[in-house]
**Q** 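The structure under discussion is supplied below as structure tokens; questions concerning it will follow.
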Number of protein chains: 2
Amino acid sequence: MNIGEASAATGVSAKMIRHYEQTGLIRPALRSGAGYRVYGDGDVHDLRFIRRARDLGFSTAQMGQLMKLWRDRSRASSDVKAVALAHIVELEAKMRALQEMTRALRHLAEHCHGDARPHCPIIEDLSAAGATPADEGRKALGKGFEVLR
Amino acid sequence: MNIGEASAATGVSAKMIRHYEQTGLIRPALRSGAGYRVYGDGDVHDLRFIRRARDLGFSTAQMGQLMKLWRDRSRASSDVKAVALAHIVELEAKMRALQEMTRALRHLAEHCHGDARPHCPIIEDLSAAGATPADEGRKALGKGFEVLR
DNA sequence: CTTGACCTTCCCAGCGTGGGAAGCACCATA
DNA sequence: TATGGTGCTTCCCACGCTGGGAAGGTCAAG
């Protein structure tokens, strides 16, 4: 199987497959005589695993952990659960941050007439903000949020 | 006012202030004889505006729009509201995506014993994923999510 | 054999933010 | 006044994830 076929079969772009290989998340693929990467069923399985984990918002680092646990047949399910729970905690923190932002924004929008006149509480709130607002949300959305692209 | 003082007064790091200047979000600061950036009340106001908008999760592009509207005293409040509402829609899409991820993950975690044995539905789900799962979440979390760092 | 689709590697971009180096400017205290 | 510490300047690099694109080799079908 070519990288293109593997990509089509797993939903992971060829670009990303090469990237994952280069960063060590997956083993280097076998090569054909011409240097083409060759994938087998096992590799496709790995890529689907990655794809699914990515869909669940895991970071590459977390995917690495999960892959390792996956391959380790003597793993303790508590180890896997720990990774998952840690991730849930992260996701929840991000959601809370987003919720707070939405809440604030919706509140402002509700009080904005949205007509042709210039008066607008949204702009006013932004420009009249206190000295150093706590930055509640954004900091909770720490590293690993990019993953969700 | 120095860049350091402006930073302390607004909660925007000196690094980011230079960055915003370089990328055109704010006007180039005046310079002292020695080449130091010099900030006045107006600049501080601008930076606080940015800071606040950033806290609300606006992207730099959106902040640019808002700054423009802010400066335009003849703006229509509907324009501002449009930007805000568009952003709310984005935030909500992202929240939904995160919620879906959390839901799925929590479901899996609930069924994992979390003991010393290797059997674990989380790992099994990841490895048994269908051919090309719809990638519901992640794609909704499109561009502009990084902003939320 | 030509053509088009596919593969290879390599570099560059973006988002927002921070780290750090090298070198100059400034201020307070000894 | 000399000196040190702090703060400023510019410039480059990194993260995480993803895509774009160039230059060149390969393969299968017409």
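Order of the sequence lines sets the chain letters (A, B, ...), proteins ahead of strands, with each chain counted from 1. Please read all numbers here as calculations on a predicted model, not as lab measurements.
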**Q** Using every non-hydrogen atom in the two residues, find where A:Gly35 and A:Arg31 come nearest and quote the distance to one decimal.
**A** O-NH1, 2.8 Å

**Q** Looking only at side-chain atoms of B:Ser13, point me to the closest of D:dG20, C:dG18, C:dT9.
**A** C:dG18

**Q** Please report, rounded to the nearest Å, how far the P atom of C:dG18 is from the CE atom of B:Met16.
**A** 7 Å

**Q** Output all residues satisfying side-chain contact (heavy atoms from CB on, under 4.5 Å) with A:Tyr36, sequence neighbours left out; order by chain, then residue number.
**A** A:Asn2, A:Ser32, A:Ala34

**Q** Run through B:Asp55, B:Ile17, B:Leu66, B:Leu25 and flag the one making a side chain to side chain contact (heavy atoms under 4.5 Å, CB included) with B:Ile50.
**A**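 The option that passes is B:Leu25.
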
**Q** Output the distance between atom OG (A:Ser77) and atom CD (B:Glu124), rounded to the nearest 0.5 Å.
**A** 10.5 Å

**Q** Sugar-phosphate means primed atoms, P, OP1 and OP2; the rest is base. With that split, encode nucleotides 25-30 of chain D 5' to 3' as B, S or - using protein heavy atoms under 4.0 Å.
**A** BBS---

**Q** At what distance, to the nearest 0.5 angstrom, does CE of B:Met16 lie from CD1 of B:Ile3?
**A**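 CD1 of B:Ile3 is found 11.0 Å from CE of B:Met16.
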
**Q** Round to a whole Å and report the spacing from CD of A:Gln62 to P of D:dG16.
**A**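 After rounding, the gap between these two atoms is 12 Å.
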
**Q** Using a strict cut-off of less than 4.0 Å between a Lys/Arg side-chain nitrogen and an Asp/Glu carboxylate oxygen, indicate whether B:Asp46 and B:Arg71 qualify as a salt bridge.
**A** yes

**Q** Just to confirm, is there a sub-4.0 Å distance from OP1 or OP2 of D:dC8 to any side-chain nitrogen or oxygen of B:Asn2?
**A** yes

**Q** Roughly, in whole Å, what's the span from CD1 in B:Ile17 to C1' in C:dG18?
**A** 15 Å

**Q** Rounded to the nearest angstrom, tell me the gap between atom CZ in B:Arg18 and atom P in C:dG20.
**A** 15 Å

**Q** Rounded to the nearest Å, what distance is computed from the CE atom of residue B:Met63 to the P atom of nucleotide C:dC15?
**A** 11 Å

**Q** Could you tell me whether B:Glu21 and B:Arg18 make a salt bridge, using a distance below 4.0 angstrom between a side-chain N and a carboxylate O?
**A**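 No, this pair does not count.
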
**Q** Could you give the CE-to-C1' distance, from B:Met1 to C:dC26, as a whole number of Å?
**A** 18 Å

**Q** What is the distance from atom CG of A:Leu69 to atom CD of A:Gln62, rounded to the nearest 0.5 Å?
**A**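 Reported value, rounded in 0.5 Å steps: 11.5 Å.
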
**Q** Whole angstrom is fine here: how far is it from NZ in A:Lys15 over to P in C:dC6?
**A** 16 Å

**Q** Quick check for you: to the nearest 0.5 Å, what is the distance between B:Arg27 atom CZ and B:Asp43 atom CG?
**A** 11.5 Å

**Q** Which parts of residues 19-31 of chain B get close to DNA chain D, meaning a heavy atom less than 4.0 angstrom away?
**A**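 Under 4.0 Å from DNA chain D: B:Arg31.
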
**Q** B:Tyr39 has an atom OH; how far is it from atom P of D:dG7, in whole Å?
**A** 16 Å

**Q** Nearest to the A:Arg37 side chain among C:dT9, D:dG20, D:dT9, which nucleotide is it?
**A**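 Among the listed nucleotides, the one closest to the side chain of A:Arg37 is C:dT9.
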
